[in-house]
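Here is the structure we will look at, set down as structure tokens.
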Amino acid sequence: MTITNGQSGTNVHEIADGIYRINTPVVIDGGGGFSFNQYLIVDDEPLLFHTGPRKMFPLVHEAVKTLLPAGRLRYIGFSHVEADECGSLNEWLAIAPQSVPVCGMVAAMVSISDLADRAPRALADGELLALGKHCVRWLDAPHLPHAWECGFLTEELTSTLLCGDLFTQGGSDLAPVTESDILGPSEAFRHQMDYFSHTKNARAMLEKLASTNPRTLACMHGSAWRGDGAKLLGALADALAA
Ligand SMILES: [Fe+2]
Ligand SMILES: [Fe+2]
């Protein structure tokens with residue numbers, strides 16, 4: 001793990017071959033804290049998955065620059081439209097002239113074709129996007145855990161699921177990657193914050209994600225996780241149904 005900003009504690013850690021977690025901890029007075037992770041896939045056509053909140057742009061930019069010249073970024077992807085997912089999208093488009101937003105069809109139609117300063121590369125459910133050695137596939141997941149336009153990317157070289165807000169864990173100083181249980185902590189957080197949409201289709205979508213057999217889950221909040229991803233996604237489906 002490399003600290004890229006001493007004041008905020010922003011740090012980078014390679015969680016899978018060529019995939020870097022950029023983590024910014026947020027200490028909350030009297031609370032347990034929180035964290036925001038972005039993931040950078042370093043390749044011929046580098047992809048950043050979620051931008052972080054707009055006000056965090058300087059910290060994420062500083063971290064990206066330790067891994068590659070930020071102007072080389074080709075794709076700025078995200079799961080759904082929220083500040084922590086794409087708040088600094090236009091800042092990234094401005095500093096990386098070859099870059100375009102990457103999102104699902106619904107996000108492109110409803111929001112990004114209007115909000116973004118360049119037209120998005122909209123991916124259909126199951127569509128592949130080659131980055132070089134790495135290759136990502138978009139999977140639609142409407143309302144899982146929230147937002148109509150929600151979806152995820154799975155990276156095929158490393159079997160990494162960029163799982164956004166799934167398995168969100170509270171806390172500001174968690175390990176970059178863990179092999180221990182994250183379902184318990186994320187379920188505790190879900191019961192506290194109620195950020196899932198209660199969609200009836202959760203199990204079918206979790207099964208679709210599980211069918212990619214992820215070995216690493218790149219969570220947006222908390223530790224990334226390594227293990228039998230299909231099994232853990234199944235356990236989440238059971239917990240949501242309980
Ligand atoms: Fe979200
Ligand atoms: Fe989030």
Side-chain angles (χ1 to χ4, degrees), residues 26 34-39 47-57 60 75-93 100-127 129 136-155 160-170 182-183 186-187 189-210 212 214 217-222 224 229 233 236-237 239-241:
V26 175
F34 201 55
S35 65
F36 293 89
N37 302 324
Q38 331 311 328
Y39 291 91
L47 179 143
L48 181 67
F49 194 63
H50 18 94
T51 67
R54 186 169 63 94
K55 290 177 180 170
M56 219 172 255
F57 173 72
V60 180
Y75 297 113
I76 314 296
F78 49 90
S79 166
H80 51 279
V81 179
E82 273 178 347
D84 62 353
E85 293 277 352
C86 58
S88 63
L89 177 58
N90 286 328
E91 281 83 348
W92 289 103
L93 297 179
V100 292
V102 166
C103 58
M105 294 291 189
V106 173
M109 175 180 70
V110 174
S111 297
I112 299 304
S113 54
D114 179 69
L115 291 179
D117 290 337
R118 271 200 294 283
R121 171 74 189 268
L123 298 175
D125 186 34
E127 190 172 347
L129 180 66
V136 291
R137 183 187 297 277
W138 177 263
L139 297 170
D140 281 341
H143 309 291
L144 180 74
H146 48 246
W148 177 27
E149 70 279 7
C150 193
F152 303 102
L153 287 177
T154 168
E155 198 292 303
T160 298
L161 176 63
L162 298 151
C163 66
D165 288 333
L166 297 178
F167 304 106
T168 285
Q169 311 134 59
I182 60 169
L183 182 61
S186 70
E187 279 297 282
F189 198 81
R190 180 172 73 83
H191 287 295
Q192 200 185 328
M193 301 295 278
D194 195 26
Y195 63 91
F196 270 61
S197 69
H198 310 288
T199 170
K200 288 182 200 142
N201 304 322
R203 184 179 293 278
M205 287 186 281
L206 289 165
E207 282 171 359
K208 179 171 75 172
L209 300 177
T212 68
L217 299 180
C219 305
M220 185 190 229
H221 308 285
L233 288 157
L236 174 59
L240 292 174

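These figures come from a predicted structure and were not determined experimentally. Each residue takes its place number in the sequence, starting with 1.
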Next on the checklist: Testing the basics here: between T51 and G87, what is the closest heavy-atom pair and its distance to 0.1 Å?
Outcome noted: OG1-N, 3.2 Å
Checklist entry - Any idea which heavy atoms bring S79 and G151 closest together, and the distance? => result OG-O, 2.8 Å
Checklist entry - Between NZ of K200 and CE of M205, what distance do you get to the nearest 0.5 Å? => result 12.0 Å
Next on the checklist: Out of the candidates F167, F189, F34, only one should pair with H221 under the ring-ring contact (aromatic ring centres under 6.0 Å, His included) rule; please name it.
Outcome noted: F34
Checklist entry - Step by step, would you call D125 with L139 a side chain to side chain contact (heavy atoms under 4.5 Å, CB included)? => result CA-CA 5 Å; D125 186 34; L139 297 170; 4.2 Å; yes
Item to check | With E127 via salt bridge (Lys or Arg N to Asp or Glu O under 4.0 Å) - residues at least two apart | outcome: R121
Checklist entry - Considering only heavy atoms from C-beta outward, does the side chain of V60 approach that of W92 to under 4.5 Å? => result yes
Next on the checklist: Please give me the minimum heavy-atom distance between F78 and P101, naming the atom from each residue.
Outcome noted: CE2-CB, 4.4 Å
Checklist outcome for this item: The salt bridge (Lys or Arg N to Asp or Glu O under 4.0 Å) partners of E91 (sequence neighbours excluded) come to none
Next on the checklist: So, taking the atom named CG in L89 and the one named CD1 in I76, what distance separates them when rounded to the nearest 0.5 Å?
Outcome noted: 7.0 Å
Checklist entry - What's the shortest heavy-atom distance between A141 and F152, and which atoms? => result CB-CE1, 3.5 Å
Next on the checklist: Could you check whether H146 and F196 have their ring centres less than 6.0 Å apart?
Outcome noted: no
Item to check | Minimum side-chain heavy-atom gap Q169-C219 below 4.5 Å | outcome: yes
Item to check | Atom of D165, atom of D84 and distance for their closest heavy-atom approach | outcome: OD1-OD2, 4.5 Å
Item to check | L48 and Y39, any side-chain heavy atoms less than 4.5 Å apart | outcome: no
Item to check | Within-4.5 Å side-chain heavy-atom neighbours: V26 and F36 | outcome: yes
Item to check | Shortest non-hydrogen contact between N37 and G222, atoms and distance | outcome: ND2-O, 2.7 Å
Next on the checklist: Between L162 and H50, is there a side-chain heavy-atom distance shorter than 4.5 Å?
Outcome noted: no
